[in-house]
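This one's a predicted model, so the numbers in the text were calculated from it and none came from an experiment. For the numbers below, each heavy atom of this structure counts, side chains included, while hydrogens, waters and symmetry mates do not.
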Amino acid sequence: VQLQASGGGLVQAGGSLRLSCAASEDSFGDYTMGWFRQAPGKDREFVAAIHWNFINTYYTDSVKDRFTISRDNAKNTVYLRMNDLKPEDTAVYYCAATSKTSYSTALGYSYWGQGTQVTVSS
């Protein structure tokens, strides 16, 4: 599965962005999709994930109530809507796909997109 992330950019604190991640295969619907981020000098961290069944979604505590993950299997695309952005959200954001049950660890994901930069100014 090839993943192409887009939608990053520069935004002021309090602003919003929507990231998109398009998958190359129709089997996209079989995968749990996740978003991770990596700030300079830091480890890659889990942000959000959505199960293939659309029902189960997961978020790291720091983004709950601000970020929303969703997917459109007809378009083979997963989205990350980010509201009330903070300077600490600045990072390269990566989408990833996994067929495993573990969703919050990077090692559990088999396929990765190239990353899209999100910069939040104060």
* Have S16 and N83 got a donor and an acceptor in their side chains that come within less than 3.5 Å? -> yes
* Asked: Got a second to check how far E45's CD is from T60's OG1, nearest 0.5 Å?
  -> 6.0 Å
* Asked: Is atom CD of Q2 surrounded by more than 12 heavy atoms (other residues, nucleotides or ligands) closer than 6.0 Å?
  -> no
* **For Y103, all residues meeting ring pair (Phe, Tyr, Trp, His ring centres under 6.0 Å), sequence neighbours excluded** => F46, Y58
* **Pair V118-M82, side chain to side chain contact (heavy atoms under 4.5 Å, CB included): steps then yes or no** => CA-CA 10 Å; V118 171; M82 306 185 294; 3.9 Å; yes
* To do: Please check if the distance between the ring centroids of F36 and W112 is under 6.0 Å.
  => yes
* Apply side chain to side chain contact (heavy atoms under 4.5 Å, CB included) to the pair T68 and L80, showing each step before the final yes or no. => CA-CA 6 Å; T68 302; L80 185 68; over 6 Å; no
* Structure fact -> All heavy atoms of A96 vs all of L3, minimum pair found to be CA-CD1, 3.7 Å
* Is the CG atom of N53 crowded by more than 12 outside heavy atoms at less than 6.0 Å? -> yes
* Between T116 and S6, does a side chain to side chain contact (heavy atoms under 4.5 Å, CB included) hold up when you go through it step by step? -> CA-CA 6 Å; T116 184; S6 62; 5.5 Å; no
* Between V11 and T119, does a side chain to side chain contact (heavy atoms under 4.5 Å, CB included) hold up when you go through it step by step? -> CA-CA 6 Å; V11 63; T119 303; over 6 Å; no
* Closest heavy-atom contact between V78 and S70? -> CG2-O, 3.1 Å
* Identify the heavy atoms of Q117 and T90 that sit nearest to each other, and give their distance. => NE2-CG2, 4.1 Å
* Step by step, would you call K86 with D89 a salt bridge (Lys or Arg N to Asp or Glu O under 4.0 Å)? -> CA-CA 5 Å; K86 305 175 185 297; D89 294 318; over 6 Å; no
* Where is the tightest heavy-atom contact between L17 and L85, given as atom of each residue plus distance? -> N-CD1, 3.9 Å
* Treating Ile, Leu, Val, Met, Phe, Trp and Tyr as nodes and any side-chain heavy-atom pair under 4.5 angstrom as an edge, say whether Y79 and Y59 lie in one connected cluster. => no
* Answer with yes or no whether the hydrophobic clustering places V1 together with F28; edges join I, L, V, M, F, W, Y residues whose side-chain heavy atoms lie under 4.5 Å apart. => yes
* Structure fact -> Heavy-atom closest pair (T98 atom, G108 atom, distance to 0.1 Å) is OG1-O, 2.6 Å
* Asked: Between R44 and Y94, is NZ or CZ placed under 6.0 angstrom from the six-membered ring centre and within 45° of the ring axis?
  -> yes
* Asked: What heavy-atom pair brings R37 and S62 nearest, and what distance separates the two atoms?
  -> NH2-OG, 3.4 Å
